[in-house]
2 protein chains.
Amino acid sequence: MNDQDRRSMPLFSIGIVMKLTELTARQIRYYEANDLIAPERTKGNQRLFSFNDVDRLLQIKDLLDKGLNMAGIKLLLDEENKETPEEAPKKEKKTPANLTDKELRGILKNELNEAGRYGKASMRQGELARFFIKH
Amino acid sequence: MNDQDRRSMPLFSIGIVMKLTELTARQIRYYEANDLIAPERTKGNQRLFSFNDVDRLLQIKDLLDKGLNMAGIKLLLDEENKETPEEAPKKEKKTPANLTDKELRGILKNELNEAGRYGKASMRQGELARFFIKH
DNA sequence: ATGAAATGTTAGGTTATTTGACATATAAAT
DNA sequence: ATTTATATGTCAAATAACCTAACATTTCAT
């Protein structure tokens, strides 16, 4: 079992994730409904979150604080998880606006940098996993 | 928050611990009843296990495989967790037999070494935490 | 004002966990 | 060869935790 396996192992109930992230169950479920996370389920359909999921939730929280909406967050997070292209299976999804994905991402990243200048200390990517998982 | 805090943070439900340790709920509760572990509880009285707890369960499983009983396991595990004596509060508990604690521990450790010679590969102490927690 | 986005709140149903009792298998002691 | 102790299985009733869905509230941009 490698590090990525460990990070994606479904371990935490929603109650624990609430404490780890200080998000409400309502928020967590809402983000799932908007495809920002996709936690596993038990046989009985209850959510089970991995380190990666919790990490992602912390990032989502951070980006929300900076004023992003679901669509923006999704774009950014999907972007980051695409940084490691193995075979690069080409299949771009269409954005609602008449901007190209690239244009949109550029705008978003600029805005984020702005926010970073005076916003609260940003929780960098992978915070929780770094906290718990050996590298 | 330091490493020991992370290791002792109550995170896992009994269902997850069953999968992580391949013990049944009955076994886990039995070991608790025999004071081999002492997981935290939620407000609603449900068990919440830490990395340390899971680690300990893996050790218990290993020692059971080697033929130890609850009393022997308790002695050994308490021993190991006493290796870091801060102020050494003297308060020895009496064993049922007419052997001193030291004698008993000596016997147990010898038997363990014997078992180690041909038994299955032993899960060393701290296995799970080492697996997940950064040092 | 209107509308959309994010979150709160409540209700009814399902799943997971708890304790306790009794059963079973095996090993140890008599 | 019985008896006794140990470890675990199984079942039941009670409760905690979680699920979805609906409706309410807040905030912010039009």
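Chain letters run A, B, ... following the sequence lines, proteins first, then strands; residues in each count from 1. Here the structure is a predicted model, which is why all the values come from computation and not from measurement. Note: hydrogens, waters and symmetry copies are ignored here, and every other heavy atom, side chains too, is used.
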Original post:
Does a nitrogen or oxygen in the side chain of Gln27(A) sit under 4.0 Å from OP1 or OP2 of dT7(C)?
Top reply: yes

Original post:
Does Tyr31(B) put a side-chain nitrogen or oxygen below 4.0 Å from OP1 or OP2 of dT8(D)?
Top reply: yes

Original post:
Between Phe51(A) and Phe12(A), how do the two ring planes meet: parallel, tilted or perpendicular, split at 30° and 60°?
Top reply: perpendicular

Original post:
Quick one: is Ser13(A) getting a side-chain N or O under 4.0 Å of the dC18(D) phosphate, OP1 or OP2?
Top reply: yes

Subject >> Check: Phe131(A) main-chain N/O paired with Arg6(B) side-chain donor or acceptor under 3.5 Å >> reply: yes

Original post:
So, is Arg41(A) near the phosphate of dT20(D), with a side-chain N or O under 4.0 Å from OP1 or OP2?
Top reply: yes

**OP:** Looking only at side-chain atoms of Gln46(A), point me to the closest of dT6(D), dA16(C), dA5(C).
**Re:** dA16(C)

Original post:
If you check the Arg26(B) side chain, which of dT10(D), dT7(C), dA6(C) turns out closest?
Top reply: dT10(D)

Subject >> Nearest heavy atoms of Leu77(A) and Arg56(A), plus distance in Å >> reply: CB-NH2, 3.0 Å

Original post:
Given atom CG of Leu64(B) and atom P of dA5(D), what is their separation to the nearest angstrom?
Top reply: 20 Å

**OP:** To the nearest Å, give me how far apart CE (Met70(B)) and C1' (dT6(D)) are.
**Re:** 8 Å

Original post:
Does OP1 or OP2 of dG8(C) have a side-chain N or O of Thr24(A) closer than 4.0 Å?
Top reply: yes

Original post:
Does Arg47(A) place a side-chain N or O at less than 4.0 Å from the phosphate oxygens OP1/OP2 of dT15(C)?
Top reply: no

Subject >> Distance, rounded to the nearest Å, where Met18(B) contributes CE and dT17(C) contributes P >> reply: 8 Å

**OP:** Report yes if at least one side-chain N or O of Tyr30(A) is closer than 4.0 Å to OP1 or OP2 of dT7(C); otherwise report no.
**Re:** no

**OP:** With salt bridge (Lys or Arg N to Asp or Glu O under 4.0 Å) as the test, would you mind laying out the steps for Arg41(B) and Glu32(B) before giving the verdict?
**Re:** CA-CA 12 Å; Arg41(B) 300 287 183 130; Glu32(B) 185 189 23; 3.4 Å; yes

**OP:** Using the salt bridge (Lys or Arg N to Asp or Glu O under 4.0 Å) rule, take Asp65(B) and Lys61(B) through it: C-alpha gap first, then chi angles, then the decisive distance, then the call.
**Re:** CA-CA 6 Å; Asp65(B) 281 349; Lys61(B) 196 183 178 191; over 6 Å; no

Subject >> Rounded distance in Å - CG (Asp35(B)) to P (dA7(D)) >> reply: 13 Å

Subject >> Atom-pair distance (CD on Glu32(B); P on dG20(C)), nearest Å >> reply: 12 Å

**OP:** Rounded off to whole Å, could you give me the CD1-to-P distance for the Ile16(B) and dA17(D) pair?
**Re:** 16 Å

Original post:
Roughly how many Å is it from CZ in Arg29(A) to P in dT9(C), rounded to a whole number?
Top reply: 14 Å

Original post:
Can you check the Leu63(A) CG to dA6(C) P distance for me, whole Å?
Top reply: 12 Å

